[in-house]
Amino acid sequence: MRRAAVLAGLLLAAAATAPAAAAPVHQDSRFTASDGVTLATTVTGEGPLSRRPVIVEFSPYGRASGTLDAGRAYNHLLVQIRGTGDSDGRFDALGPRTQADVVEVLRWACRQPWSDGRLGLNGFSASAITVYNSLHRELPCVRTAVLKSGTHELYRDLLYPGGISNLVPGIGVLGLIGAPATAQGFDRLGRAPTTSAEIAAGLFGAGLDGFMHSSLDSWWRERGIRGDVNHLPTLMIDGFFDVESRGAFQAFQQLRHHGAHLLVIGAHDGAPAGTDGGAREARAWFDRYLRRVRNGIERTARVKLWLADGDREDLLAGRYVRYSGRDWPIPGTRWTPLALDPARSGTAHSINDGTLGVVRPRTSTTQSYPTVASLPTNSDPPNTAIIGPNGVNALAGAFPAATDMTAAETHGLSFTTRPLHADVLAAGPASLELRLTTTTPGTGIWAVISDVAPDGTPHPVASGRLNTDFPGVDRERSLTDRRTGAIVQPYGLYDHPEPAAAGQERLYRVELWPIGNRFRAGHRVRLHILGTSAASKPEEPALNTIRVGGPTGARLLLPALPRGDFGRALGG
């Protein structure tokens, strides 16, 4: 006991005499771009500022909007993107002018007295998109990047997934960008009063451009990955329920040969309780590639997945399944074709209460449903997740029906399997093939996969959408199952609308964004087909009719990780 007291005293004495950590220093300055526009920048580090590796983040969200503190060994540079926050110029929706700024700022940062010439890029959401969009340009002095969420293609990953306008999130993003610019407007009036009109015009113009460019044209192609000349080892962090989840998976597939890793633990959708959302791994990544710390991070599994255990709420509560692999999709993944069957399952409250099974019915028939807008908290998991911390998660805890599919399925079609005989881990993209007729050109096809608990409650775990104006797919860029040759992740063609004639039945392939869920034994899988989420742009009412059964009947291609198989778990 006496030894312990002496040791405690020595530790207290050492703590009392140890020098206190220096307070962080913030140094604001304005960078002048080649066209004369000035951007607001802030470098932060332990004082006094000295030469260190620098982590750079390009943000449209104003002052103090950095998203990672990697520690005292680094300086951090926050750059407010042109036309946002306290930066001048015209916001160009992360297009060519912003990409040129990225190159110029990095060249400048590399030579500053607080930089040792080693730069790393950090980004979350819009700041990650800025980096992805700039990879076709040489990025001076950059050694690595950590990018959380973000889009591979802004059109299909966020604002027009499936060719359907994701209107409410688009407006929300512009609001988040516009608020700091407005709040800093008084300072700008005193510093550069003539720029305020340009700021407002840029934000308004970006929203108008996004609305006017409803097909994937050259304007959108400038706002996506256009190649990579930097070959950076990049850590992508994302979540299966994230509003931009598709982007990180696609970016990993394109950049994996340059040492990329994919960590699917959460982003906008929140991280499971008891985890840090990947922050520790992000710091280790920068330590390895900026400070040359031999921590072995590059030798860990290239793909790490945190799978839901039945629904998003359970995942957030800390109930999940971890799975690792060397690639995405996980090698050995099997896609089971599940046929949509008109036979009643007796388990749902939908218009038809159909069946989902491994055997395709011999007889062909049709079933119809009205395209009534569906409640986003039910049918739109990615858009629900992004506002989860703003009360939706608490609402789901108090009223579970607010985020399950019980209410939404009543005005659409549903197809449900029998109970599974064994657990199945599902991770990968999914695809819905269906022949459909619509009374209104340009209507939306909306599909949701639910995990149905033994008590009959359907919990949404994945969703997909497609505008009927875009029936075509690029087979070369689509993902196919090597075992069967089936297209399991269709790469839709959204360049030119092809409206269907009245009464014309056409084949559509609906891409469902990556699913990550454990379907437990005794649970069922349910597919819902219904009207588009109310978070999308409103559309004219229509009556959609799909073909089920027969040689051309609709089917769902659902992934299962190695040692799992939906066919066997269903007794097929």
Side-chain angles (χ1 to χ4, degrees), residues 30-41 56-63 65 78-108 121 123-139 147 149-160 165-167 169-182 184-185 188 192 194-227 244 247:
R30 301 198 68 82
F31 169 79
T32 302
S34 58
D35 63 351
V37 167
T38 67
L39 310 180
T41 75
V56 186
E57 184 161 359
F58 294 87
S59 173
Y61 300 122
R63 302 167 181 163
S65 58
L78 178 71
V79 183
Q80 298 180 49
I81 294 170
R82 70 167 52 216
T84 72
D86 196 33
S87 288
D88 298 338
R90 184 184 180 93
F91 180 61
D92 72 341
L94 314 183
R97 185 55 251 187
T98 295
Q99 295 157 24
D101 290 342
V102 168
V103 176
E104 294 176 16
V105 168
L106 293 174
R107 186 177 296 114
W108 166 78
L121 298 175
F124 183 10
S125 193
S127 48
I129 298 172
T130 303
V131 175
Y132 282 134
N133 290 2
S134 303
L135 289 177
H136 63 286
R137 306 193 59 154
E138 292 188 7
L139 305 180
L147 303 177
S149 191
T151 63
H152 182 258
E153 298 175 81
L154 189 56
Y155 179 93
R156 71 177 72 223
D157 295 345
L158 177 62
L159 297 178
Y160 278 88
S165 171
N166 206 10
L167 183 65
I171 293 174
V173 168
L174 279 179
L176 289 172
I177 293 173
T182 301
Q184 292 163 214
R188 184 180 296 107
T194 60
T195 64
S196 296
E198 189 176 21
I199 299 289
L203 292 170
F204 177 79
L208 184 62
D209 283 338
F211 183 79
M212 295 297 293
H213 294 265
S214 58
S215 59
L216 208 171
D217 56 14
S218 59
W219 190 85
W220 287 111
R221 294 186 192 285
E222 291 179 334
R223 290 155 178 83
I225 288 185
R226 289 182 282 163
E244 298 168 344

| query | Would you say T98 and F58 make side-chain contact, with heavy atoms under 4.5 Å? | reply | no
| query | Taking side chain as C-beta onward, heavy atoms only, is V102 less than 4.5 Å from V56? | reply | no
| task | Apply side chain to side chain contact (heavy atoms under 4.5 Å, CB included) to S196 and list each qualifying residue two or more places apart in sequence or on a separate chain. | result | R188, L189
| Is a donor on one side and an acceptor on the other found under 3.5 Å between the side chain of D92 and the backbone of G95? | yes
| Close side-chain approach of T84 and P180, heavy atoms under 4.5 Å | no
| remark: Here the pair of heavy atoms bringing Q184 nearest to G62 is OE1-CA, 4.0 Å
| request: Evaluate the side chain to side chain contact (heavy atoms under 4.5 Å, CB included) criterion for residues L216 and R221: first the C-alpha distance (whole Å), next the side-chain angles of each, then the deciding distance (0.1 Å), finally the verdict. | output: CA-CA 7 Å; L216 208 171; R221 294 186 192 285; 3.6 Å; yes
| Less than 4.5 Å apart, any side-chain heavy atom of Y132 and any of T151? | no
| task | With rounding to the nearest 0.5 Å, note down the distance linking CG in L154 to CG in L159. | result | 4.5 Å
| query | Are R226 and S134 side-chain neighbours, meaning at least one heavy-atom pair lies under 4.5 Å? | reply | no
| remark: side-chain hydrogen bond (donor to acceptor under 3.5 Å, both in side chains) filter on S149, not counting sequence neighbours, yields D242, E244, H268
| task | For the pair L139 and V103, evaluate side chain to side chain contact (heavy atoms under 4.5 Å, CB included) and give the outcome as yes or no after the intermediate values. | result | CA-CA 6 Å; L139 305 180; V103 176; 4.1 Å; yes
| said: Under the rule for side-chain hydrogen bond (donor to acceptor under 3.5 Å, both in side chains), what residues qualify as partners of T41, not counting sequence neighbours? | reply: S29
| query | Can you tell me how far OG of S65 sits from CG of L176, rounded to the nearest 0.5 angstrom? | reply | 11.5 Å
| said: When you measure from the side chain of E104 to the backbone of S34, do you find a donor-acceptor pair of N or O atoms at a distance under 3.5 Å? | reply: yes
| field | Spacing of CD1 belonging to I199 relative to OG belonging to S87, to within rounding of 0.5 Å | value | 7.5 Å
| Does a side-chain heavy-atom distance below 4.5 Å link I81 with D101? | no
| note | T38 meets the side-chain hydrogen bond (donor to acceptor under 3.5 Å, both in side chains) criterion, sequence neighbours left out, with R30, D88
| field | Test item: L39 and Q80 side chains (from C-beta on) under 4.5 Å apart, heavy atoms | value | no
| task | Kindly give the heavy-atom pair with the smallest separation between S59 and L78, and that separation in Å. | result | CB-CD1, 3.7 Å
| query | Restricting to pairs with a member in residues 208-219, which pass side-chain hydrogen bond (donor to acceptor under 3.5 Å, both in side chains), not counting sequence neighbours? | reply | H213-D217
| remark: By salt bridge (charged side-chain N to carboxylate O under 4.0 Å, His left out), D35 pairs with (sequence neighbours left out) R82, R97
| Quick one: side-chain hydrogen bond (donor to acceptor under 3.5 Å, both in side chains) partners of E198, sequence neighbours excluded? | none
| task | Spell out, as yes or no, whether a donor-acceptor pair under 3.5 Å connects the side chain of Q99 to the backbone of L94. | result | yes
| request: Any chance you could measure I177, atom CD1, to T182, atom OG1, to the nearest 0.5 Å? | output: 11.5 Å
| request: Determine the minimum heavy-atom distance between R137 and P96, stating which atoms define it. | output: NH1-O, 4.4 Å
| task | Go through the structure and list residues passing ring-ring contact (aromatic ring centres under 6.0 Å, His included) with Y155, not counting sequence neighbours. | result | Y160, W220, Y494
